[in-house]
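To start, the structure itself, in structure tokens.
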Amino acid sequence: MPRTADAFYRSAVKIGNHPFIEFAGLMNEYIAACQLAHNDGVDFSECNVHNGKTLPLKPFMSDYINEKLECIFSGAKVMATPV
């Protein structure tokens, strides 16, 4: 997954569209969340809306994801971390 995200980032930089580059940040944060889940014994590949399983996120992770989404989608805030 990291190699794929890196290849995407390099390609996105060549295109020069900043919001598109932000998708690489989203991919890397997803990879970080998957690693945390894996470390806790959670099968991250099963964490999605279709399976009803949630990928555990730290509050700072959802803040970072929101920052990326706001850049890409001009002000959309769609993530919240359960309290």
Side-chain angles (χ1 to χ4, degrees):
M1 288 181 357
R3 284 192 307 240
T4 300
D6 184 55
F8 177 87
Y9 174 78
R10 284 183 276 122
S11 295
V13 167
K14 287 180 185 176
I15 293 169
N17 180 313
H18 182 77
F20 196 61
I21 294 167
E22 296 290 346
F23 276 107
L26 287 174
M27 283 190 279
N28 285 319
E29 197 66 4
Y30 174 73
I31 292 166
C34 290
Q35 184 63 58
L36 288 173
H38 177 74
N39 293 348
D40 288 341
V42 175
D43 181 358
F44 61 84
S45 69
E46 293 293 319
C47 296
N48 59 65
V49 70
H50 307 293
N51 292 330
K53 297 180 183 174
T54 303
L55 185 64
L57 295 175
K58 307 267 187 215
F60 68 87
M61 296 174 94
S62 61
D63 291 343
Y64 179 81
I65 292 166
N66 276 325
E67 177 186 318
K68 300 299 164 197
L69 291 173
E70 288 174 23
C71 179
I72 296 165
F73 296 107
S74 301
K77 185 165 184 148
V78 298
M79 294 233 18
T81 303
V83 179

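Computed over heavy atoms, backbone and side chain alike; hydrogens, waters and symmetry mates excluded.
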V49, L55: one ILVMFWY side-chain cluster at the under-4.5 Å cut-off?
-> no
Between F20 and F8, what is the ring plane arrangement, given parallel below 30°, perpendicular above 60°, and tilted in between?
-> tilted
Measuring from E29:CD to D63:CG, what's the distance to the nearest 0.5 Å?
-> 10.0 Å
Close side-chain approach of Y9 to M27, heavy-atom, < 4.5 Å = no
Verify same cluster id: Y30, V42 (apolar side-chain graph, 4.5 Å) | no
Out of curiosity, does L57 fall in the hydrophobic cluster containing L36 (side-chain heavy atoms, cut-off under 4.5 Å, transitive links)?
-> yes
Are M61 and L69 co-members of a hydrophobic cluster defined by side-chain heavy atoms under 4.5 Å apart?
-> yes
Residues that R3 engages under salt bridge (Lys or Arg N to Asp or Glu O under 4.0 Å), provided they are two or more places apart | none
Across all chains, not counting sequence neighbours, the side chain to side chain donor-acceptor pair (under 3.5 Å) partners of N17 are none
Heavy-atom pair with the smallest gap, counting every atom of P56 and A37 | CD-CB, 4.1 Å
What salt bridge (Lys or Arg N to Asp or Glu O under 4.0 Å) pairs are there with at least one residue in residues 35-52, not counting sequence neighbours?
-> none
Only counting residues at least two apart or in another chain, list the ones meeting side chain to side chain donor-acceptor pair (under 3.5 Å) with Q35.
-> N39
Close side-chain approach of I72 to L26, heavy-atom, < 4.5 Å | yes
Gap between atom NZ of K53 and atom OG of S45 - 0.5 Å precision = 8.5 Å
Partners of H38 by side chain to side chain donor-acceptor pair (under 3.5 Å), sequence neighbours excluded?
-> none
Hits for salt bridge (Lys or Arg N to Asp or Glu O under 4.0 Å) against E22, two or more places apart or cross-chain, chain-then-number order -> K68
Checking N28 side chain against A24 main chain: does a donor-acceptor pair fall under 3.5 Å?
-> yes
Minimal non-hydrogen separation, I31 against A5, with atom names | CD1-CB, 3.9 Å
